[in-house]
Each structure stands twice: as structure tokens, then as C-alpha cells.
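Here the structure comes first, spelled out in C-alpha cells, and everything after it is commentary.
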Amino acid sequence: MRKRLIKGLATTAILGTLLATAACSAEETEAPRGETTPEQVDASAERLAVAMTDVVDWTGPTESFTPPSDVNLTIITCMSALYGCLAPAQAAQEAAEKLGWTVTINDGQGDPAVQNRLVEQAVAGGTDAILTTAVDAAFIRSGLAAAKEAGVRVVSANQGTAPSEDGFDVDVTTDYAAMGSAEADWMIADSDGTATVLPLIDREYEDIIDYAEATVDTLEAECPGCTILPFEEFLGADVGNGLGARVVQLLQRNPDIDYILGNYDPACADIVAAVRSADLSDGVKMACTLGDPQNLEFIRDGEVEHAVVAIDLVYNGYAVVDQLGRLLADVPLATRADTTDPKLMYNENAPFRIITPENIGELPDGTPWAASVDYVAEYETLWGLR
């Protein structure tokens with residue numbers, strides 16, 4: 001790992017300055033808390049093997065119902081330029097139009113003020129329901145209050161929050177805590193129980209908090225031979241605006257770091273570009289979440305990003321329309337029998353899969369991961385379309 005420090009010095013004068021500044025205050029990495037046993041590594045590898053397999057069985061709802069056919073639906077994305085915001089919105093539109101609904105997609109532009117205004121405008125315009133993708137309920141409080149007063153249902157995809165009186169009627173999100181634990185298993189198995197991990201966290205998103213904290217909790221519980229550094233906090237506004245350079249500085253400061261928990265894929269893309277530019281790719285591996293197509297290509301290239309917990313965002317789009325349809329039809333929401341966690345019990349078992357260099361070849365080039373189970377047919381059957 002020490003060679004990374006030497007290589008980084010030769011990249012640019014700017015990085016050299018960063019290194020010189022950081023070196024004055026750098027501290028040696030703390031020693032691991034013990035040794036990871038072969039049995040612990042094997043157990044992580046066994047759990048990882050399950051998380052790496054495709055999803056071929058239907059574990060979603062089984063209760064059929066008749067959705068209403070005359071619905072005006074407004075979809076508001078967190079930011080349509082981001083794949084993780086747009087893909088579930090487009091899938092929800094596809095699903096809703098099969099039910100005969102009229103759908104409009106609006107771009108939240110990554111701006112809470114814009115997102116709130118769009119909710120208020122939709123309510124004032126007479127929409128029947130609103131669906132948001134990865135929009136924080138705290139950002140649209142007045143819009144949600146207006147919707148509640150008007151009797152407009154508001155549902156969410158990929159925010160990781162429980163239903164509440166002043167929030168969403170329901171949110172459909174993959175189990176981010178389970179995803180984080182699976183990613184920790186990858187680090188343990190890949191490093192043979194000796195990883196030194198730099199964990200990043202964006203506390204703007206409830207699901208990302210669950211994911212990052214579960215990764216660290218699992219590492220601490222299952223890998224005494226691993227070293228976990230303190231969380232490095234960042235905001236979405238830092239992506240493309242200094243985040244990559246900050247991670248490079250941290251790698252320069254602590255050459256023992258060999259794994260990065262990069263959070264969601266847009267942030268990881270920023271980090272990949274910066275680490276490549278600094279010529280620090282050797283000896284460091286990053287794990288991320290979402291499964292954006294460009295990030296899957298990073299894994300194919302085998303440089304910097306080596307693992308991602310991929311979400312089937314099309315499934316999530318269909319699942320949230322299913323739950324919205326149940327609300328509008330005044331039938332009970334679909335619930336899971338295996339949990340009472342209000343964040344998860346309505347998520348219809350939205351699937352995930354870890355993608356690494358070992359199984360990336362199973363995915364066609366340029367495409368995101370999609371579960372092999374024919375969930376579109378399952379939902380169409382539930383809705384009486386088949």
C-alpha cells in the first residue's frame with residue numbers, strides 16, 4: 001500500500017500540496033481489534049454467495065385487487081439527470097399507463113424548493129395522486145400538508161422511510177440495511193478478514209444512513225481483523241464539487257486504506273474519476289450501491305469500483321404503483337409476513353444483488369441488473385390484466 005503514496009506524489013503539484021498539508025497531521029491507522037478467524041471469513045463468503053445470485057423466485061404480494069382506471073398521477077423525481085431518480089419514475093409511468101392512468105413526470109432538479117413547488121402545483125392542478133422518487137419528505141412539508149388537506153395520496157420510492165401523518169402514505173425501498181451487511185461480507189471475504197475501510201456517509205438520505213451504518217456494524221461484529229476508520233461525511237452537493245479530491249487526500253494521508261465504502265453510485269463515479277486521475281487505483285477497492293450502468297462498467301474495467309449492491313429500479317417502480325393502487329382502491333396495503341419494521345414491511349421484497357468482477361459477466365454490456373423473475377407478469381396478474 002505504501003507505493004500508493006509515492007505514486008501520488010508524482011501526479012500533480014496540487015495533489016502534492018494536499019499530501020504535504022495532510023502529512024503534517026496524519027496519524028497512523030489504529031491496529032485491528034484482533035484477528036478474523038477462517039470460520040468468520042468462510043461465513044461471510046457463504047452469505048456473500050447468496051447475495052451475488054440472481055433473483056428468480058417471486059416473493060412479492062399475492063393478494064389481487066382491482067385498481068381504479070381513471071387516475072391522474074403526477075411523478076416528481078429527485079433529479080431526472082440521475083439514473084437512480086429517473087429509472088423508477090419511468091418504470092412507475094409504464095406500470096401506471098398499463099392501468100389506464102394519465103401520467104406526468106416532473107424534474108425535481110435536485111432542489112428541495114423546486115420539489116416542494118411541484119408538489120404544491122400538482123395539488124392545485126387537481127392531480128389524484130403524487131409519486132416521488134428519492135425525495136426527502138422533510139423537503140416538501142408544505143406540499144405534503146397541502147396534499148393531505150386536499151385528500152391527495154402521496155407515495156414514495158427509494159427514500160427508506162416509514163409511513164407517517166406528516167410524511168408519505170407509503171414508501172417502497174429495497175432493504176438498505178441488508179444491502180450494507182452484504183457489502184461488508186464482500187469486504188471481509190475479499191480481504192480475507194484484514195480490510196482497512198474508509199466509510200463515507202451522506203446523512204441526507206435515510207436509506208443511505210441505514211446502508212452505511214449496517215456496513216460498519218457488520219464489519220465491527222464479524223471482522224475483528226478489519227480496521228474501520230471514522231465516517232467521512234459528505235452531502236449530495238459535494239458530488240462533482242470536491243468530493244473526489246477529498247477522498248484522494250484521505251488516501252494520500254492514510255496509505256493503509258484498501259477499501260472505500262462509497263455510498264451511492266453518482267458519488268462513486270466522482271471518486272473513481274479523481275482516484276484514477278491521481279494514479280491511486282492500485283491497491284484500493286470501492287464498494288457502492290444502486291447499480292447505475294456507468295458504475296457497472298467501472299467494475300468491468302476492474303479499477304477502483306469493484307462491487308456494487310444493485311437494485312432493480314424497474315421492480316421498485318412497479319411495486320410503488322401497486323401500493324398506490326391499493327390505497328386508491330381502498331384495500332389494505334401489501335405487507336411482508338417476515339418483518340414488522342415499518343420501513344420494510346411495505347417494500348414488497350424489492351430485490352438486490354451484489355455485482356463484482358466474479359459475476360459481472362452475467363449482465364449484458366451497458367444494461368443495469370434486472371431480476372430474472374418475471375415480476376411484470378406477476379403484477380399484471382395481481383391487477384387483473386392477465
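Computation of the quantities below employed the complete heavy-atom set of this structure, encompassing side-chain atoms and omitting hydrogens, waters and symmetry-equivalent molecules. Keep in mind that what you see is a predicted model, and the values were worked out from it rather than measured.
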- Run the side-chain contact (heavy atoms from CB on, under 4.5 Å) check on L327 and V170 step by step: do they pass? CA-CA 9 Å; L327 287 169; V170 71; 4.2 Å; yes
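- Under a hydrophobic-cluster definition in which Ile, Leu, Val, Met, Phe, Trp and Tyr are linked whenever side-chain heavy atoms come within less than 4.5 Å, directly or via other members, V155 and V119 are assigned to different clusters.
- Residues L118 and I140 are not in side-chain contact: their nearest non-hydrogen atoms beyond the backbone lie 4.5 Å or more apart.
- Note: L296 CG to C288 SG = 10.5 Å, rounded to the nearest 0.5 Å.
- At a threshold of 4.5 Å between side-chain heavy atoms, the hydrophobic network of Ile, Leu, Val, Met, Phe, Trp and Tyr places F168 and V172 in two separate groups.
- Separating the OG atom in S69 from the CH2 atom in W101 is a distance of 10.0 Å, to the nearest 0.5 Å.
- One hydrophobic cluster holds both V71 and W383 under the rule that ILVMFWY side chains link at heavy-atom gaps under 4.5 Å.
- Only one option out of V309, L290, V55 pairs with F352 in a side-chain contact (heavy atoms from CB on, under 4.5 Å); it is V309.
- Both Y264 and V216 are part of a single hydrophobic cluster, where members link through side-chain heavy atoms under 4.5 Å apart.
- Between Y315 and W369, the distance separating the two ring centers is not shorter than 6.0 angstrom.
- Salt bridge R300/E297: present, at least one basic N to carboxylate O contact under 4.0 Å.
- Residue D70 places its CG atom among 12 or fewer non-hydrogen atoms of other residues, nucleotides or ligands, all under 6.0 Å distant.
- With a 4.5 Å cut-off on side-chain heavy atoms, K343 and T173 do not count as touching.
- Side-chain contact check for R47 versus S181: every heavy-atom pair is 4.5 Å or farther apart.
- Taking T36 as the reference, Q40, V41, C223, P224 meet the side-chain contact (heavy atoms from CB on, under 4.5 Å) condition, with sequence neighbours excluded.
- Relative ring orientation between W58 and Y379 is described as perpendicular, the plane-to-plane angle rising above 60° on a 0-90° scale split at 30° and 60°.
- Under 3.5 Å, the side chains of Y83 and D265 contain no donor-acceptor pair of N or O atoms.
- The OH atom of Y318 lies 13.0 Å from the CD atom of E378; values are rounded to the nearest 0.5 Å.
- Side-chain atoms of N106 and T74 include no donor-acceptor pair closer than 3.5 Å.
- In terms of hydrophobic clustering, with Ile, Leu, Val, Met, Phe, Trp and Tyr side chains grouped at heavy-atom distances under 4.5 Å, L324 and L144 are assigned to different clusters.
- For R203 and F231, the positive end sits near the middle of the six-membered ring, less than 6.0 Å away and at most 45° from its axis.
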- Query: Checking side-chain contact (heavy atoms from CB on, under 4.5 Å) for the pair V247/L200: CA distance, chi angles, key distance, verdict?
  - Reply: CA-CA 9 Å; V247 171; L200 276 64; 3.9 Å; yes
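- Side-chain contact, T215 with E183: no donor N or O sits under 3.5 Å from an acceptor N or O.
- R246 CZ to D270 CG: the interatomic distance, rounded to the nearest 0.5 Å, is 10.0 Å.
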- Determine, step by step, whether T174 and D312 satisfy the side-chain contact (heavy atoms from CB on, under 4.5 Å) criterion, reporting the C-alpha distance in whole Å, the side-chain angles of both residues, the deciding distance to 0.1 Å, and the verdict. CA-CA 9 Å; T174 311; D312 188 335; over 6 Å; no
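- To the nearest 0.5 Å, atom CG of residue L243 and atom CD1 of residue I271 are 4.5 Å apart.
- Atom CD1 of I257 is separated from atom CE of M286 by 13.0 Å, given to the nearest 0.5 angstrom.
- Using modelled atom types, one finds a donor on one side chain and an acceptor on the other under 3.5 Å when comparing D190 with Y259.
- In this view, T339 and R336, D341, L344, M345 satisfy the side-chain contact (heavy atoms from CB on, under 4.5 Å) rule, not counting sequence neighbours.
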- Stepwise side-chain contact (heavy atoms from CB on, under 4.5 Å) test for V248 and Q252: CA-CA 6 Å; V248 165; Q252 297 273 16; 4.2 Å; yes
